[in-house]
Amino acid sequence: MDRLSELNPRQREAVLISSGPLLVLAGAGTGKTRVITYRMAELIRRGTPPERILSVTFTNKAAREMRERTTALLGGKLRRRPLVSTFHAFCVRVLRQEIERLGYPAKFAIYDRGDQESAARKALRDVRLGDETWRPGDLLARISRWKMAGVRPSGAMEHTEDDRDVLAVVAYRRYQGNLRAAGAVDFDDLLLLTLELFQQHADVLARHQGRFDHVQIDEYQDTNAAQFALVEALVRPHRNLCVVGDDDQSIYGWRGAEVEHILGFQTHFPGARVVRLEDNYRSTDAILEIANRLVRHNRGRHEKSLVAHRRAQGPVRFLAFEDDLKEAEGVVAEIRELVNGRGVSPESIAILFRTNEQPRVYEQELRRAGVRYVLVGGQSFFDRREVRDLLAYLKAISQPDDDMSLLRIINTPARGIGTSSIEKLMKRAVREGRRVLDVVPDAAREREISRRAHEALDGFRELLQRYRARFADEPRRMDRTLIALLDEIGYRAEIERQYPQPEQQQARMAVVEQFVDSIKQHIERTEEPSLETFLEDAALVGRDEDFGASDELSQSGIRLMTLHSAKGLEFPRVYLVGLEEGLLPHHRSLIGPDTAIEEERRLCYVGVTRAMQELTVTRAESRMKWGRRKPTLPSRFLYEMRGEVGEIEAPEFDEAEAVG
DNA sequence: AAGGAGGGTTTTTTT
DNA sequence: AACCCTCCTT
């Protein structure tokens, strides 16, 4: 493999250090993914069996790409494939074999984001004091923080910070109790249970420690406490751990990621070697100058300054528009001219924004301008109502204990089981600690529910059982089985009834077809497909990867995505839009601690450093919010990027002119 | 039980 | 503007 000659000396050094703890501090665009891939290939070339290297990535898609690249580097022929996976997927593999030791069912279900939210909503019922209450999303964040700190529901009362937390404790207990009863775990549980397994069962830990000679972690700046503990445990015998990351790109603090892990690596792993990659091959000097100037305003970071290797053809542009609509019009008009007029490839252009509400205007404009686009992530496939319905059907079929999924679809489409019947059944089920469908006979005998509802419920239970058998018996025909199920419940008719416009009907049915297709794909690429493995994939894959949406990034069209989704990607031309106080930095970070602003600044830094040749930063002087127009202030980051901090006058912005 | 009207609330980011 | 919840009519 004399491909090593393609690497610069620093990169080569990182690749060639093959044992002991190693921290690769890699700035944006310095070839960090390249280093970690080459390193894996080099270890294999020198004799480490591929399956004895564990590489951890941030997303499933990154995992797949790294697997492919490594294999390609080694000439495409490998008897065993290296194990590349996310922390979560790794934990699922471990738990699938060992979770019964912790008293969980072997066929545990994984709650995805939507399930977690419903569970939180359910746990919050009647939990309020005066007008103090919690929103489900906030509660989940609170619970997650407790979990990361190792606080269990029973002991949470001692870790309350204020009165509101007391309410959260009540909800936390219910939430965890309901999950347990449903035989389900959430994302944090995947990590925590694996950790618990390692801590309580020395033999299990020893077995998994013995599986790997080397561990590599990408995006190390985004590891949380549980992930750190897992890694530490896994590499304890040999300490062959290579982590790669950039503290300036840590943007998941709100999810429990702790920059301290990358800042303190040498303390956690004494004797660790450190390699810094500061040669940036991605962006022009103009773009990098702005990025450097911006991020210098953060404290508590590894000092590094990126050196540009590309010359700019033009300066970074800062544009101000009258309102958010004009902003979208302006940006899209320019893009249309680039794509249609100058033959620029649409895939080389990205529009990056802070929140998921922002792309709507751009979608409208792009459609009107006839420019193809791909919305990456965003209102994900999994958030669509149809997908949630179908997933609930499959979950209720696969997991008879999963009352939450059952309740979602018990009367969808309407089959004569009304809210009052459902409520009575739920009360009884909770009271007796049984499943909803199991209390139906008693409720019917005591005339609690109507005869009509009773019959409908019996029919529904029979339906689930019949399809449970059918899915289990013919796993390779699951897609067909689902179609049969949809026919039987009249799902298409339900859609046609709910959405009178043929346009909408088609769009909704397309989602259903995509879902069926994703099952087909799962069957094709899985050795032993089953409803359970499919649901597992669906929960883990989340919004990235080619699930249903058939690999967003391979489609043609300009890219629309949030700054978070843009991590790890690069584009020749980037439009970074909505640089306004309250949006970037986001309002919620302004009321939080100082560190919150720094994370917003890093987010902005990530956005800027995605750009290779041309960067355009825009803002709107007023913006619609909740149907109302409100004036805005320029983002403080604009001043910082342009080196105008401290000036009282607003900076001059280029007049935005309509193009074309 | 079903469906529609009206009113109130909402938006940070995601494995 | 979009969603969810509640209440009212059928």
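Per chain, numbering begins at 1; letters A, B, ... match sequence-line order. Bear in mind the structure is a predicted one, so any value in this text is a computation, not a measurement.
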Verdict with reasoning, Q249(A) to Y605(A), per side-chain hydrogen bond (donor to acceptor under 3.5 Å, both in side chains): CA-CA 7 Å; Q249(A) 293 186 67; Y605(A) 175 78; 5.7 Å; no
F58(A) aromatic ring stacked with six-membered ring of dT15(B), 5.5 Å and 30°: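 One would not call F58(A) stacked on the dT15(B) base.
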Whether Y252(A) stacks on the six-membered ring of dT14(B) base, 5.5 Å and 30° limits: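 According to the criterion (under 5.5 Å, under 30°), no, Y252(A) does not stack.
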P-based separation of dC4(C) from dT13(B) [nearest Å]: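 After rounding to an integer number of Å, I get 16 Å for this pair.
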Worked check of side chain to side chain contact (heavy atoms under 4.5 Å, CB included) between R601(A) and I597(A): CA-CA 6 Å; R601(A) 190 175 284 113; I597(A) 286 274; 4.1 Å; yes
side-chain hydrogen bond (donor to acceptor under 3.5 Å, both in side chains) between D188(A) and S144(A), intermediate numbers included: CA-CA 7 Å; D188(A) 292 328; S144(A) 184; 2.8 Å; yes
Main-chain N/O of M561(A) paired to S565(A) side chain as donor or acceptor, under 3.5 Å: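 No, the answer is negative, given that no donor and acceptor are paired below the 3.5 Å cut-off.
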Specify the separation, in whole Å, of atom [atom1] of [X] and atom [atom2] of [N].
X	N	atom1	atom2	result
R145(A)	dT14(B)	CZ	P	20 Å
D537(A)	dT15(B)	CG	P	14 Å
R388(A)	dC3(C)	CZ	P	15 Å
R628(A)	dA2(C)	CZ	P	16 Å
N356(A)	dA2(C)	CG	P	16 Å
L583(A)	dT13(B)	CG	C1'	12 Å
L540(A)	dT14(B)	CG	P	17 Å
R64(A)	dT15(B)	CZ	P	14 Å

Partner of D247(A) under side chain to side chain contact (heavy atoms under 4.5 Å, CB included), chosen from N298(A), I262(A), V295(A):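 That would be I262(A); it is the only one of N298(A), I262(A), V295(A) passing the side chain to side chain contact (heavy atoms under 4.5 Å, CB included) with D247(A).
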Which atoms of nucleotides 4-6 of chain C (N or O only) lie under 3.5 Å from a protein N or O atom, and what are those distances?
none

Touch class at under 4.0 angstrom, heavy-atom based, for S420(A) against every strand present: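 S420(A): backbone/sugar contact only, no base atoms under 4.0 Å.
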Closest non-hydrogen atom pair, R610(A) against G568(A):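 Nearest heavy atoms, R610(A) then G568(A): NH1-N, 3.3 Å.
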Residue list, side chain to side chain donor-acceptor pair (under 3.5 Å) with Q216(A), at least two apart or on another chain: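 Side chain to side chain donor-acceptor pair (under 3.5 Å) list for Q216(A), sorted by chain: R39(A), S55(A).
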Short side-chain N/O contact to dT15(B) OP1/OP2 from N60(A), under 4.0 Å: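 No, N60(A) has no side-chain N/O under 4.0 Å of OP1/OP2 on dT15(B).
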T59(A) side chain near dT14(B) phosphate (N/O to OP1/OP2, under 4.0 Å):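 No.
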List the atom pairs, with distances to 0.1 Å, where a side-chain N or O of residues 88-99 of chain A and a protein N or O form a donor-acceptor pair under 3.5 Å, not counting sequence neighbours.
unit_1 : atom_1 : unit_2  : atom_2 : d
R96(A) : NE     : E536(A) : OE1    : 3.3
R96(A) : NH2    : E536(A) : OE1    : 2.4
E98(A) : OE1    : R207(A) : NH2    : 2.9
E98(A) : OE2    : R207(A) : NH2    : 2.5
E98(A) : OE2    : H208(A) : NE2    : 3.3

Lys/Arg-Asp/Glu bridge criterion (N-O < 4.0 Å) met for D323(A), K630(A):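 Salt bridge between D323(A) and K630(A), a charged N being under 4.0 Å from a carboxylate O: no.
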Produce the list of close N/O pairs, under 3.5 Å, pairing protein atoms with atoms of nucleotides 2-6 of chain B; give distances to one decimal.
unit_1 : atom_1 : unit_2  : atom_2 : d
dA2(B) : OP1    : G416(A) : N      : 3.0
dA2(B) : OP2    : N411(A) : ND2    : 3.0
dG3(B) : OP1    : R497(A) : NH1    : 3.4

Test ring pair (Phe, Tyr, Trp, His ring centres under 6.0 Å) applied to W134(A) - qualifying residues, sequence neighbours left out: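 With sequence neighbours excluded, W134(A) shows a ring pair (Phe, Tyr, Trp, His ring centres under 6.0 Å) to no residue whatsoever.
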Ring centre gap for F637(A) and H297(A) strictly below 6.0 Å: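 Ring centres of H297(A) and F637(A) not closer than 6.0 Å.
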Aromatic ring proximity F87(A)/F58(A), centre distance under 6.0 Å: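 No, too far apart.
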Toward the 5' end of DNA chain B, by each residue's nearest nucleotide, S421(A) or H564(A):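 That would be S421(A).
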Distances under 3.5 Å between protein N/O atoms and the N/O atoms of nucleotides 8-11 of chain B, please, pair by pair.
unit_1  : atom_1 : unit_2  : atom_2 : d
dT11(B) : O2     : E357(A) : OE1    : 2.9
dT11(B) : O2     : E357(A) : OE2    : 3.3
dT11(B) : N3     : E357(A) : OE2    : 3.2

